[in-house]
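So you know, we letter chains A, B, ... as the sequences are listed, proteins then strands, and number each from 1. What's counted below: heavy atoms across the whole structure, side chains too, no hydrogens, waters or symmetry copies.
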Amino acid sequence: RKEVEQDPGPFNVPEGATVAFNCTYSNSASQSFFWYRQDCRKEPKLLMSVYSSGNEDGRFTAQLNRASQYISLLIRDSKLSDSATYLCVVNTYGATNKLIFGTGTLLAVQP
Amino acid sequence: DTEVTQTPKHLVMGMTNKKSLKCEQHMGHRAMYWYKQKAKKPPELMFVYSYEKLSINESVPSRFSPECPNSSLLNLHLHALQPEDSALYLCASSQDGFRAFFGQGTRLTVV
């Protein structure tokens, strides 16, 4: 079993749709959580950090459930430019830092 | 300066060559990472340096040899690679628990 798992998709949605991505992680010692976005042949870029209280950034909402070891990302009013791979990233730090990527979910927003 | 710089951007090497990938950051981050990414797959962690010491080696073959000459630089020395080692190699840096910044990557082709 991978340390961080996501539904690989692809998610094909029309413009304006709401889409949700899920991510589960196996290491209960994980301490910080992020969603990254990666466009084809580019490096991953931070979309947002994820906090236990939940957080929102414009059309994007992230949630963390530590008890269930589950992270989610909700995108409202999808735009064509949202088409990308969304990667859940889990960080365990302290004595060592370990930043692990989920398997990634491909989103294709259709006109 | 919130940037991670990787050189070269593209590299073609023969199976008997020796080459090095370079990564530089000036954000004062004490954790630096090497990832390998194959097409349509998420980045896979290879090595982590914390405070200039190798803290994680994810069972990477010895033909990949990391080096951290100082807190701003990270190298990946390559020797006797195989065609299946062709991939995008990403460098990242972070400070405990906070977001990781990624370089644009080196696209490596082994012929």
Study note, to complete from the structure: So, the part of Gln6(A) with a heavy atom under 4.5 Å from chain B: the answer is neither
Review point. Which bit of Leu87(A) comes within less than 4.5 Å of chain B, counting heavy atoms only: side chain, backbone, both or neither?
Key: side chain
Residue [X] versus chain A: region with a heavy atom under 4.5 Å:
| X | answer |
| --- | --- |
| Glu58(B) | side chain |
| Arg30(B) | neither |
| Phe102(B) | both |

**Study point:** Exercise: identify the closest heavy-atom pair between Leu73(A) and Met48(A)
**Key:** CD1-SD, 3.9 Å
Review point. In this structure, which one of Leu108(B), Val110(B), Thr109(B) forms a side-chain contact (heavy atoms from CB on, under 4.5 Å) with Leu11(B)?
Key: Leu108(B)
Review point. Would one find more than 12 heavy atoms of other residues, nucleotides or ligands at under 6.0 Å from atom CD of Gln69(A)?
Key: yes
Review point. Passes ring-ring contact (aromatic ring centres under 6.0 Å, His included), Phe64(B) versus Phe47(B)? Steps please.
Key: CA-CA 10 Å; Phe64(B) 295 91; Phe47(B) 302 104; 7.6 Å; no
Check your understanding: Given the side-chain rings of Tyr33(B) and Tyr49(B), with only the six-membered ring counted for Trp, is the space between their centroids under 6.0 Å?
Key -> no
